[in-house]
K.L.:
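One structure, pasted below without further comment.
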Amino acid sequence: MQLHSLLASDSELRKKSLPMPMNAAGVHLQRVNQMNQRSSQDLIEKDMVNSRSPSNESASSSPLSSIPLSNMDSFLNALWGLSPKVMVVTEQDSDHNGTSLMERISESLYFYAALFDSLESTLPRTSLERLRMEKILGEEIKNIIACEGAERKERHEKLEKWAQRFDFSGFVNVHLSYYAMLQANKLLQGYNCDGYKIKEENGCVVICWQDRPLLAVSAWRFRRGIHD
């Protein structure tokens, strides 16, 4: 639930970065400077240092290796270089990455209304856990609505966009089994929270409040080449 923070475009990031020498080391440092300190971005920084070595064959053969890399591309390139047998991704299933402010406001209204409704249904208003969650959600809303460029970190996107991005980056979707879906529904029923639903979408799990998608869970595996 942090990948979306890497979706700012290179042009947006460059507006915030300081001028640096445009040699190999300068480009590397510039990219690292543009990343925030979240754990997922720490992995990018480490991989970029490693990718400077000519012996790093996995990174050099990645589908993205011949393209100037954005933060997201760098992160997916790092994951591809690990040749993962399976990678599980969970992200908010909503579109808050539009360039239009009105689009973001409209989408946020429906998405966060559903989240707050679910909190109202499952936790008392005096719950410290609920108060902490409401504060986090409030900060997300403020970032989506009030920030632009590199300052806007909350850039949630829909499952289909993530699927296209992973496919282009050399990963193939691993469909969840029927048994896994049964287990997911059984786990949800164990919490005894009416209103939450689980549905299957192209082999992935989408967690909903009523009929509104909240989270998407998908699984991916390493693909050596486009034709594998």
Side-chain angles (χ1 to χ4, degrees), residues 1-18 27-51 62 64 67-82 84 87-101 103-112 114-115 132-171 204 206-207 213-220:
M1 296 177 66
Q2 297 297 328
L3 281 182
H4 62 266
S5 65
L6 303 179
L7 288 174
S9 67
D10 277 352
S11 60
E12 291 174 315
L13 294 171
R14 279 196 295 269
K15 292 177 182 178
K16 189 179 179 181
S17 63
L18 297 174
V27 172
H28 166 68
L29 291 173
Q30 185 181 43
R31 289 190 182 280
V32 172
N33 184 58
Q34 290 165 352
M35 303 172 191
N36 64 32
Q37 297 304 310
R38 294 180 180 177
S39 59
S40 60
Q41 290 161 324
D42 289 340
L43 175 58
I44 304 172
E45 180 178 348
K46 293 176 183 177
D47 180 75
M48 291 177 69
V49 172
N50 293 335
S51 66
S62 165
L64 296 175
I67 306 172
L69 300 184
S70 66
N71 284 348
M72 177 59 72
D73 291 338
S74 296
F75 184 72
L76 294 182
N77 194 43
L79 292 178
W80 191 92
L82 295 175
M87 175 178 70
V88 179
V89 177
T90 303
E91 271 291 329
Q92 294 88 336
D93 193 33
S94 192
D95 188 5
H96 298 144
N97 197 25
T99 56
S100 166
L101 175 61
E103 289 178 2
R104 301 203 307 266
I105 290 176
S106 176
E107 187 68 18
S108 296
L109 177 63
Y110 290 105
F111 179 77
Y112 286 100
L115 275 177
R132 285 195 294 266
M133 181 59 68
E134 288 178 340
K135 182 178 180 180
I136 292 172
L137 296 179
E139 291 298 319
E140 287 186 7
I141 295 170
K142 182 169 67 175
N143 187 263
I144 292 169
I145 302 303
C147 298
E148 294 291 352
E151 297 297 328
R152 181 154 55 89
K153 305 296 184 183
E154 305 301 337
R155 294 173 174 267
H156 312 136
E157 290 191 341
K158 300 289 288 183
L159 175 60
E160 55 264 28
K161 289 188 177 181
W162 286 110
Q164 293 172 4
R165 186 175 290 111
F166 288 129
D167 180 69
F168 178 75
S169 301
F171 295 92
C204 306
V206 178
I207 304 173
L214 297 180
L215 300 172
V217 183
S218 56
W220 305 86

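For reference, positions follow the sequence shown, starting with 1.
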K.L.:
Measure from the side-chain N and O atoms of Ser106 to the backbone N and O of Glu103, and report whether any donor-acceptor pair falls under 3.5 Å.
P.N.:
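No, because the side chain of Ser106 does not come within donor-acceptor range (under 3.5 Å) of the backbone of Glu103.
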K.L.:
Please enumerate all residues that pass side chain to side chain donor-acceptor pair (under 3.5 Å) together with Glu107, with sequence neighbours excluded.
P.N.:
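So Glu107 forms a side chain to side chain donor-acceptor pair (under 3.5 Å) with Ser94, Arg212.
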K.L.:
In chain order, what residues pass the side chain to side chain donor-acceptor pair (under 3.5 Å) check against Ser218, with sequence neighbours excluded?
P.N.:
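Trp220.
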K.L.:
If you round to the nearest 0.5 Å, how far is CZ of Phe171 from CG of Asp167?
P.N.:
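Interatomic distance, Asp167 CG to Phe171 CZ, rounded to 0.5 Å: 11.0 Å.
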K.L.:
Show the numbers, then the answer: is there a side chain to side chain contact (heavy atoms under 4.5 Å, CB included) between Val206 and Leu215?
P.N.:
CA-CA 6 Å; Val206 178; Leu215 300 172; over 6 Å; no
K.L.:
Please check if the side chain of Asp93 supplies one atom and the backbone of Ala216 the other of a donor-acceptor pair under 3.5 Å.
P.N.:
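It does not hold such a pair.
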K.L.:
Mind checking side chain to side chain contact (heavy atoms under 4.5 Å, CB included) for Leu214 and listing every partner two or more places apart, or none if nothing turns up?
P.N.:
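Side chain to side chain contact (heavy atoms under 4.5 Å, CB included) list for Leu214, sorted by chain: Phe111, Ala114, Leu115, Tyr196, Trp209.
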K.L.:
Should the pair Arg104-Asp95 be classified as a salt bridge under the 4.0 Å nitrogen-to-oxygen rule?
P.N.:
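No, this pair does not count.
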K.L.:
To the nearest 0.5 Å, what is the distance between OG (Ser108) and CD1 (Ile141)?
P.N.:
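Result: 7.0 Å between the selected atoms.
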K.L.:
With Glu157, which residues qualify under salt bridge (Lys or Arg N to Asp or Glu O under 4.0 Å), at least two apart?
P.N.:
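Residues passing salt bridge (Lys or Arg N to Asp or Glu O under 4.0 Å) with Glu157: Arg165.
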K.L.:
Quick check for you: to the nearest 0.5 Å, what is the distance between Asn97 atom CG and Arg152 atom CZ?
P.N.:
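Answer rounded to 0.5 Å: 5.5 Å.
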K.L.:
With sequence neighbours left out, what residues match Thr99 under side chain to side chain contact (heavy atoms under 4.5 Å, CB included)?
P.N.:
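With neighbours one apart ignored, the set is empty.
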K.L.:
Just wondering, do Met87 and Val89 contact through their side chains at under 4.5 Å, heavy atoms?
P.N.:
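When only atoms from C-beta onward are counted, Met87 and Val89 do touch, with a gap below 4.5 Å.
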K.L.:
To the nearest 0.5 Å, what is the distance between CD on Glu154 and NE2 on His96?
P.N.:
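It comes to 9.5 Å.
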K.L.:
Looking at residues at least two apart in the chain, or sitting in another chain, which of them share a salt bridge (Lys or Arg N to Asp or Glu O under 4.0 Å) with Glu139?
P.N.:
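Only Lys142 meet the salt bridge (Lys or Arg N to Asp or Glu O under 4.0 Å) criterion with Glu139.
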K.L.:
Would you mind reporting whether Phe168 and Leu76 have side-chain heavy atoms less than 4.5 Å apart?
P.N.:
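Answer no - side chains too far apart.
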K.L.:
Measuring from Phe166:CZ to Leu3:CG, what's the distance to the nearest 0.5 Å?
P.N.:
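It is 5.5 Å, given to the nearest 0.5 Å.
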K.L.:
Just jot down the side chain to side chain donor-acceptor pair (under 3.5 Å) partners of Glu91, sequence neighbours excluded, or say none.
P.N.:
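With neighbours one apart ignored, the set is His4.
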K.L.:
Which pair of non-hydrogen atoms, one from Ile105 and one from Ile145, has the smallest distance, and what is that distance?
P.N.:
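Nearest pair, atom of Ile105 first, then Ile145: CG1-CD1, 3.4 Å.
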K.L.:
Between Arg155 and Met72, is there a side-chain heavy-atom distance shorter than 4.5 Å?
P.N.:
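Met72 vs Arg155: side chains apart.
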K.L.:
Side chain to side chain contact (heavy atoms under 4.5 Å, CB included) with Leu109: which residues, sequence neighbours excluded?
P.N.:
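With sequence neighbours excluded, Leu109 shows a side chain to side chain contact (heavy atoms under 4.5 Å, CB included) to no residue whatsoever.
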K.L.:
When you measure from the side chain of Asn143 to the backbone of Lys153, do you find a donor-acceptor pair of N or O atoms at a distance under 3.5 Å?
P.N.:
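Yes; judged by distance alone, with no hydrogens or angles, the pair exists.
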K.L.:
Got Cys204 and Leu159 here, is their nearest side-chain heavy-atom distance under 4.5 Å?
P.N.:
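Result yes, sub-4.5 Å side-chain heavy-atom pair found.
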K.L.:
Could you label the plane-to-plane angle of the His156 and Tyr112 rings as parallel, tilted or perpendicular, counting under 30° as parallel and over 60° as perpendicular?
P.N.:
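Tilted.
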K.L.:
Could you tell me which residues satisfy side chain to side chain contact (heavy atoms under 4.5 Å, CB included) with Thr90, sequence neighbours excluded, listed by chain and number?
P.N.:
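Counting only residues at least two positions away or on another chain, Thr90 forms a side chain to side chain contact (heavy atoms under 4.5 Å, CB included) with Met1, Val217.
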K.L.:
Using the side chain to side chain donor-acceptor pair (under 3.5 Å) criterion, which residues pair with Glu134? Sequence neighbours excluded.
P.N.:
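Partners of Glu134 under the side chain to side chain donor-acceptor pair (under 3.5 Å) test: Arg130.
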